[in-house]
Amino acid sequence: MAYRRDSSSEKECESDCTEPSRAMIHAVVYAKGLPLRSALSAGQEHDSLLAGDLLTELRHNRLLPADRAYDLDAIRQLARELGAWPNIPPKRNCKDPICFCPHLYRDRNHVERFFNHIRHCRRIAARYDKLAANFLAFIKLAAICL
């Protein structure tokens with residue numbers, strides 16, 4: 001006998017919870033590669049949706065090197081309001097020139113190093129957890145061990 005899910009409950013689950021096997025990890029990292037904040041989003045969501053929540057604790061006079069996916073005017077404006085300087089490379093189809101310094105963008109490798117360190121934890125790399133809250137808890141636990 002086959003089990004069939006109700007389509008309404010499936011849609012509720014997609015909007016309310018994140019399946020760790022498809023989740024994307026977002027992080028704000030200090031200059032030495034130590035995390036300040038981290039969050040999960042569903043794999044089908046755009047990267048920029050969590051930017052407002054993650055940048056709330058951004059300090060004044062800081063550089064914000066971010067991935068090209070975060071290239072939105074709203075994110076740049078939020079960073080400026082918080083007193084930071086956004087150094088985000090423009091998207092390939094950008095028509096207006098944006099102030100971007102490739103030399104300062106090299107600091108973004110600290111973020112990549114953070115993700116490399118936490119992926120050494122087998123539980124995070126294999127994504128064993130079925131609940132997003134448990135997965136995020138183990139990401140934070142791995143970050144504490146850095």
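Each residue takes its place number in the sequence, starting with 1.
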Name the one of R76, H46, H26 that satisfies side-chain hydrogen bond (donor to acceptor under 3.5 Å, both in side chains) with Y70? H26

If you take all heavy atoms of P90 and I98, which pair is closest and at what distance? CB-CD1, 4.2 Å

Any side-chain heavy atom of N87 sitting closer than 4.5 Å to one from D107? no

Applying side-chain contact (heavy atoms from CB on, under 4.5 Å) between F115 and each of V29, I25, I124, report the one that passes. I25

Which pair of heavy atoms, one from S48 and one from L72, lies closest together, and at what distance? OG-CD1, 3.2 Å

Could you pull out the closest heavy-atom pair between Y105 and A66, with the gap in Å? CE1-O, 3.2 Å

Strictly distance-based, threshold 3.5 Å: is any side-chain N or O of R37 a donor or acceptor partner for the main-chain N or O of D53? yes

If hydrophobic clusters are built from ILVMFWY residues whose side chains come within less than 4.5 Å, do L54 and L82 share one? yes

Calculate, to the nearest 0.5 Å, the distance between atoms CG and CG belonging to L64 and L104 respectively. 12.0 Å

Closest heavy-atom contact between S41 and L50? CB-CD1, 3.6 Å

What's the separation between atom CD1 in I118 and atom CZ in R113, rounded to the nearest 0.5 Å? 15.5 Å

Test item: L55 and I75 side chains (from C-beta on) under 4.5 Å apart, heavy atoms: yes

Rounded to the nearest 0.5 Å, what's the gap from CG on L63 to CZ on R108? Could you check? 12.0 Å

When hydrophobic residues are tied together by side-chain contacts of less than 4.5 Å, even through go-betweens, does L40 share a cluster with L49? no

Verify same cluster id: L36, L136 (apolar side-chain graph, 4.5 Å): yes

Are Y30 and H110 close enough, and set up right, to give a side chain to side chain contact (heavy atoms under 4.5 Å, CB included), and what steps lead you there? CA-CA 8 Å; Y30 282 121; H110 295 294; over 6 Å; no

Euclidean distance, R92 CZ relative to R68 CZ, rounded to 0.5 Å: 4.0 Å

Do you know the tightest heavy-atom contact between S38 and I139? OG-CG2, 4.4 Å

Between E45 and M24, the two heavy atoms sitting closest are O-CE, 3.2 Å

Just wondering, are more than 12 heavy atoms of other shown residues or ligands nearer than 6.0 Å to NE2 in H60? no

dist K130:NZ -> F135:CZ (nearest 0.5 Å) comes out at 15.0 Å

